[in-house]
Amino acid sequence: MRRAVYPGSYDPVTNGHLDIVSRAAKLFDEIVVAVLINKNKSSLFTVEERMEMLREVTVPWPNVRIDSWHGLLVDYCRANDIGVIVKGLRAVSDFDYELQMAQMNQQLSGVETLFMSTNPQYSFLASSLVKEVATYGGDVSRLVPPSVEKRLMQRLAERS
């Protein structure tokens, strides 16, 4: 079975993330979308909420599974018999950082990284930008799935 992991914080999941999921799902027998837990990051949604949102919006792809992990991604790969990490690249600045990570991961474990260029319509898109735009009342309906937009607006209303 060809398995890959697509790691991220997904706070919240965007249409750019889903573009990568849909394309990766065609290449692998199973894609694990892994919510990585970073204690140093302040998140708008809990890990459980992010996983729930991901489960809702990845229904169209039956070979996509949602999980979470705290620690080195290569350890997750070893524990789950995953040989490939999928990463979406939006810009050259992403490549510089991700190349170092890919080389380190390969050195540590032999796990390969597959870089997928982001669809140009999502090249500017980041979860942090979506949160900022929504915080100031901007329209994010074309940036995230409807169910995610609803949760995002509810969470921001709770916080104000």
Compare every heavy atom of [Y] with every heavy atom of [X], then report the nearest pair and how far apart it is.
X	Y	value
G88	I20	CA-CD1, 4.0 Å
V5	C77	CG1-SG, 3.8 Å
K87	T113	CG-CG2, 3.9 Å
P7	L36	CB-CD1, 3.5 Å
T46	E49	N-OE1, 2.8 Å
L143	L125	O-CD2, 3.6 Å

Rounded to the nearest 0.5 Å, what separation is found between the [atom1] atom of [X] and the [atom2] atom of [Y]?
X	Y	atom1	atom2	result
M1	N63	CE	CG	8.5 Å
R142	T14	CZ	OG1	14.5 Å
L18	Y10	CG	OH	9.0 Å
E112	Q106	CD	CD	5.0 Å
S109	I82	OG	CD1	11.5 Å
L108	Q103	CG	CD	12.0 Å

Could you identify which residues cluster with V92, counting Ile, Leu, Val, Met, Phe, Trp and Tyr as linked when any side-chain heavy atoms lie under 4.5 Å apart, either directly or through a chain of such contacts?
none

Decide yes or no on side-chain contact (heavy atoms from CB on, under 4.5 Å) for Y122 and H17, but give the supporting numbers first.
CA-CA 9 Å; Y122 302 121; H17 292 131; over 6 Å; no

How would you list all residue pairs meeting side chain to side chain donor-acceptor pair (under 3.5 Å) that involve residues 127-140, not counting sequence neighbours?
D11-K131, D139-S141

Start with the C-alpha distance between V64 and Y6, add both sets of side-chain angles, then the distance that settles side-chain contact (heavy atoms from CB on, under 4.5 Å), and finish with yes or no.
CA-CA 10 Å; V64 172; Y6 179 38; over 6 Å; no

Step through the shown structure and confirm whether more than 12 heavy atoms of other residues, nucleotides or ligands are within 6.0 Å of CZ on F115.
yes

Just checking Q107: does its CD atom have more than 12 heavy atoms from other residues, nucleotides or ligands closer to it than 6.0 angstrom?
no

For residues [X] and [Y], determine if any side-chain heavy atom of one lies less than 4.5 Å from a side-chain heavy atom of the other.
X	Y	answer
K150	V148	no
H70	K39	yes
S147	M53	no
P145	N15	yes
R3	D29	no
I66	E52	no
V140	L152	yes

Main chain of [Y], side chain of [X]: is a donor-acceptor contact present, judged purely on distance under 3.5 Å?
X	Y	answer
D94	R90	yes
T58	W61	no
R50	V13	no

Run the salt-bridge test on E56 and R151 with the 4.0 Å N-O cut-off and return the result as yes or no.
yes

Does a side-chain N-to-carboxylate-O contact under 4.0 Å join R155 and E158?
yes

Test log, rule side-chain contact (heavy atoms from CB on, under 4.5 Å), inputs V111 and V84
CA-CA 6 Å; V111 172; V84 178; 5.7 Å; no

